[in-house]
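For reference, the structure is listed below as structure tokens.
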Amino acid sequence: MINILILQGPNLNLLGVKSSEIKKRLTLGKLNKEIRTSLQSKNIQLKFLQTHKEFQCINFLQRNRTKANGLLLIPTSWAKNNYTILETIKLIKINTSVVFFDEPYCFGTREKESIFIGDNLKSFAGDPVTSCIKGIEHLLQ
């Protein structure tokens, strides 16, 4: 069994509000369902956490570090300046796909502004569903 952590940063619980601006209702629940559905035929276990709190993120990473085969991170604003999360990812040496949403789903932080760079980190950008699935596929290789 392959275990993938999915860490969703600040304000992703408001994805539905963001998407309603373009009359395309994509909520965080629908995004998570699309991710699960796309991986249904594979032997993969997903563990999700959406939080605004850095300490919960760090605890999630540290507690699951020995069980996880990879991390899908949607950092939103953490991508600009949260060196503690970056340090934790590097310390626990977990392969990480970092996902950024393009307009109109962008939360304000783009891939080019990200501090999440390293040997075990690879970025993906695009619409929410496609970029998340591409990120997970990368972790499965």
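Positions are given from 1 along the sequence.
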Handout entry: From CA spacing to verdict: side chain to side chain contact (heavy atoms under 4.5 Å, CB included), Cys132, Ile74
Key = CA-CA 8 Å; Cys132 286; Ile74 310 170; 3.7 Å; yes
Distance in Å, [X] [atom1] paired with [Y] [atom2], rounded so as to fall on 0.5 Å steps:
| X | Y | atom1 | atom2 | result |
| --- | --- | --- | --- | --- |
| Thr96 | Ile89 | OG1 | CD1 | 4.5 Å |
| Leu14 | His52 | CG | NE2 | 7.0 Å |
| Ile136 | Ile2 | CD1 | CD1 | 11.5 Å |
| Leu73 | Ile85 | CG | CD1 | 7.0 Å |

Side-chain contact, heavy-atom cut-off 4.5 Å: [X] with [Y]?
| X | Y | result |
| --- | --- | --- |
| Ile92 | Leu61 | yes |
| Ile4 | Ile44 | yes |
| Leu28 | Gln50 | yes |

Cluster link [X] to [Y], ILVMFWY, side chain under 4.5 Å:
| X | Y | result |
| --- | --- | --- |
| Leu26 | Ile6 | yes |
| Val17 | Tyr105 | no |
| Phe55 | Tyr83 | no |
| Leu7 | Leu12 | no |

With [X] via side chain to side chain contact (heavy atoms under 4.5 Å, CB included) - residues at least two apart:
| X | value |
| --- | --- |
| Thr130 | Asp127, Lys134 |
| Leu91 | Glu87 |
| Gln62 | Ile58, Arg65, Thr88 |
| Asn95 | Asn120, Leu139 |

If you compare all heavy atoms of [X] against all heavy atoms of [Y], which two are closest, and at what distance to 0.1 Å?
| X | Y | answer |
| --- | --- | --- |
| Cys57 | Thr51 | N-CG2, 4.1 Å |
| Phe101 | Leu15 | CE1-CD1, 4.3 Å |
| Pro10 | Pro75 | CD-O, 3.7 Å |
| Phe107 | Asn11 | CE2-O, 3.2 Å |
| Thr109 | Ser77 | OG1-CA, 3.6 Å |
| Leu140 | Leu39 | CD1-CD2, 4.5 Å |

Practice task
Using the salt bridge (charged side-chain N to carboxylate O under 4.0 Å, His left out) rule, collect all pairs that involve residues 88-112, keeping only residues at least two apart or in two chains.
Solution key: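 Non-adjacent pairs meeting salt bridge (charged side-chain N to carboxylate O under 4.0 Å, His left out): Glu103-Arg110.
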Practice task
Go through Leu121 and Leu86 one step at a time and tell me if the side chain to side chain contact (heavy atoms under 4.5 Å, CB included) criterion holds.
Solution key: CA-CA 10 Å; Leu121 292 101; Leu86 176 61; 4.3 Å; yes
Practice task
Start with the C-alpha distance between Phe48 and Arg36, add both sets of side-chain angles, then the distance that settles side chain to side chain contact (heavy atoms under 4.5 Å, CB included), and finish with yes or no.
Solution key: CA-CA 11 Å; Phe48 291 83; Arg36 281 188 185 100; 3.3 Å; yes
Practice task
Indicate whether any N or O donor in one side chain lies under 3.5 Å from an N or O acceptor in the other, for Lys47 and Asn3.
Solution key: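 Result is no, nothing qualifies.
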Problem - Polar side chain donor-acceptor pair, Asn13 to Gln8, under 3.5 angstrom - result: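 There is no such pair between these side chains.
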Practice task
Kindly write out the residues that satisfy ring-ring contact (aromatic ring centres under 6.0 Å, His included) with Phe124, not counting sequence neighbours, or none if the list is empty.
Solution key: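 For Phe124, the residues satisfying ring-ring contact (aromatic ring centres under 6.0 Å, His included) (neighbours in sequence not counted) are His138.
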Exercise for the section: Would you mind telling me which of Pro128, Ser131, Ser114, Cys106 makes a side-chain contact (heavy atoms from CB on, under 4.5 Å) with Phe100? Expected result: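 Testing Phe100 for a side-chain contact (heavy atoms from CB on, under 4.5 Å) against Pro128, Ser131, Ser114, Cys106 leaves exactly one candidate, Ser114.
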Practice task
State which residue, out of Leu46, Leu72, Ile94, fulfils the side-chain contact (heavy atoms from CB on, under 4.5 Å) condition with Leu5.
Solution key: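 When Leu46, Leu72, Ile94 are each tested with Leu5, the side-chain contact (heavy atoms from CB on, under 4.5 Å) holds only for Ile94.
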Handout entry: side chain to side chain contact (heavy atoms under 4.5 Å, CB included) assessment of Ile35 paired with Val129
Key = CA-CA 7 Å; Ile35 293 168; Val129 174; 6.0 Å; no
Problem - Expected output: side-chain Glu54 to main-chain Asn82 donor-acceptor under 3.5 Å - result: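 Side chain of Glu54 to backbone of Asn82, a donor-acceptor pair under 3.5 Å: no, none is there.
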